[in-house]
Structures are given as C-alpha cells and as structure tokens.
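Source: prediction; values computed, not measured.
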Amino acid sequence: MAITKKVLLIIGVFAAAAIIIVAAATLNGKERNVVDVNDSSDDEGNVETIDVTENTTVHQAANSQMAIVVNEIMFVNGSESSPLEIYADPSEGNQYVILNVSVTNNLEEGLSLTSGIWNLYTSDELMNTISANVASEVPEEIPAGSTATFRMPFEIVAGSTLTMLEYWGTESLVVELT
C-alpha cells in the first residue's frame, strides 16, 4: 500500500505542530511574570523591562529563594515629591526615602514579603523599618516564579547615607547600597 502525498503532508503538519507545542512548553518554564502590585493593576502578570541608564550602579542580590534589585532610591521632601501618600511629616531632623525594588520569587511556592521583614541600614549605624507614616506597596506574597515591583518607604536621619537593604525571611538576603 503506497502512501500518498496528502497523507505525507498531513503527517508533516502534525509533526510540525507537535514540535511547536513542545518548544513553547519548554520556553514557558523559563519565563518570569511581573506582578503589578499597584492599586490600579489588573491582577494579570505583565512582563516588564527595567531600563538602567549608563553609569548607573545596579544594587542587587540573590539566593536560592529570591532575587532583589533596587531600581531607584528616592529622597522625599514632602508630599508633592512623593509617589506614595504621606500620612504624617517625618520627625524633626529626619526625611523619608522610598526604595523602588523588584523581587523575583525563585521558589516553587508563594514567597511571603510582609512589611515587617525589611530593614534599611544607614551610615549612622541605625536600622530603619518600613515607615507606617507613608503608604507602602509591599505585597503580602509573590506567586511562585513571578516578579513584583513595588515601593517601600523608610524614615531616616536627614543627611545619612544608605548602606544596605536587608530581607530577613526564611533565608536572609542583603543588598549593598554603597
């Protein structure tokens, strides 16, 4: 029984479709979704590219649990210059600093990121926690394999230099800022 050209063509189409499906499934396991944690988000993962200008120092650290990148450090002098809502002025001699960070969850389960597990250290040897006087965007959890970008506000002594950001969850991680 001879195989016709139509049968060979159909077999070829199915083989090509199978190769495309296998390739797509293989690539999908390596992609990372970006979760927008802003109030205006649509709760869908979106891929985000972070542009870094030339001569910019990128502050980042990673371990088996997560990767942290500090995208921007913003010193705030009042509510007009703040991307976050300010509930109260900083204490006398202090100022607010807002860190824009991206955190990638390297786990196969959700990663807890509550506000209480972040510390910002400064050159005056003080450990600063996330300020309750400024709105925070820290998500409670990042889904497995996803990346979230959000802002964290801290109140620091004016004029002090930021030295490091510390996450002290199950596996601690420090991002040097100097």
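When atom types are taken as modelled, the side chain of N128 and the backbone of I156 share no donor-acceptor pair closer than 3.5 angstrom. Of the possible donor and acceptor atoms, none in the side chain of Q95 sits under 3.5 Å from a partner among the backbone N and O of A158. Judged purely by atom type and a 3.5 angstrom limit, N63 has no side-chain atom pairing as donor or acceptor with the backbone of L173.
A heavy-atom distance below 4.5 Å is found between the side chains of I68 and W118. Looking only at side-chain heavy atoms (C-beta outward), M152 and V138 come within less than 4.5 Å of each other. A heavy-atom distance below 4.5 Å is not found between the side chains of F154 and S131.
Taken to the nearest 0.5 Å, the OG atom of S136 stands 8.0 Å off from the CZ atom of F150. Atoms OH and CD1, from Y167 and I117 in turn, are 4.0 Å apart once rounded to the nearest 0.5 Å.
Scanning for side chain to side chain donor-acceptor pair (under 3.5 Å) contacts around T122 gives D124, with sequence neighbours left out. Contacts of Q60 classified as side chain to side chain contact (heavy atoms under 4.5 Å, CB included), with partners at least two apart in sequence or in another chain: V58, V69. Looking at residues two or more places apart in sequence or on another chain, you find a side chain to side chain contact (heavy atoms under 4.5 Å, CB included) between E72 and M74, N100. Take Y121 and apply the ring pair (Phe, Tyr, Trp, His ring centres under 6.0 Å) test, not counting sequence neighbours, and it matches no residue. Residues forming a side chain to side chain donor-acceptor pair (under 3.5 Å) with E155 (at least two apart in sequence, or on another chain): S91, N94.
For the pair V76 and S82, the tightest heavy-atom approach, listed with the atom from each and the gap, is CG1-CB, 3.5 Å.
Counting heavy-atom neighbours within 6.0 Å of N133 CG, excluding the residue itself, gives a total above 12.
When the options I86, V97, I130 are evaluated for a side-chain contact (heavy atoms from CB on, under 4.5 Å) with P153, the one that passes is I130.
In summary, the side chains of N105 and S146 do not present any donor paired with an acceptor at a separation below 3.5 Å, with no hydrogens or angles considered.
Applying the side-chain hydrogen bond (donor to acceptor under 3.5 Å, both in side chains) definition to pairs two or more places apart or across chains, none involves residues 107-117.
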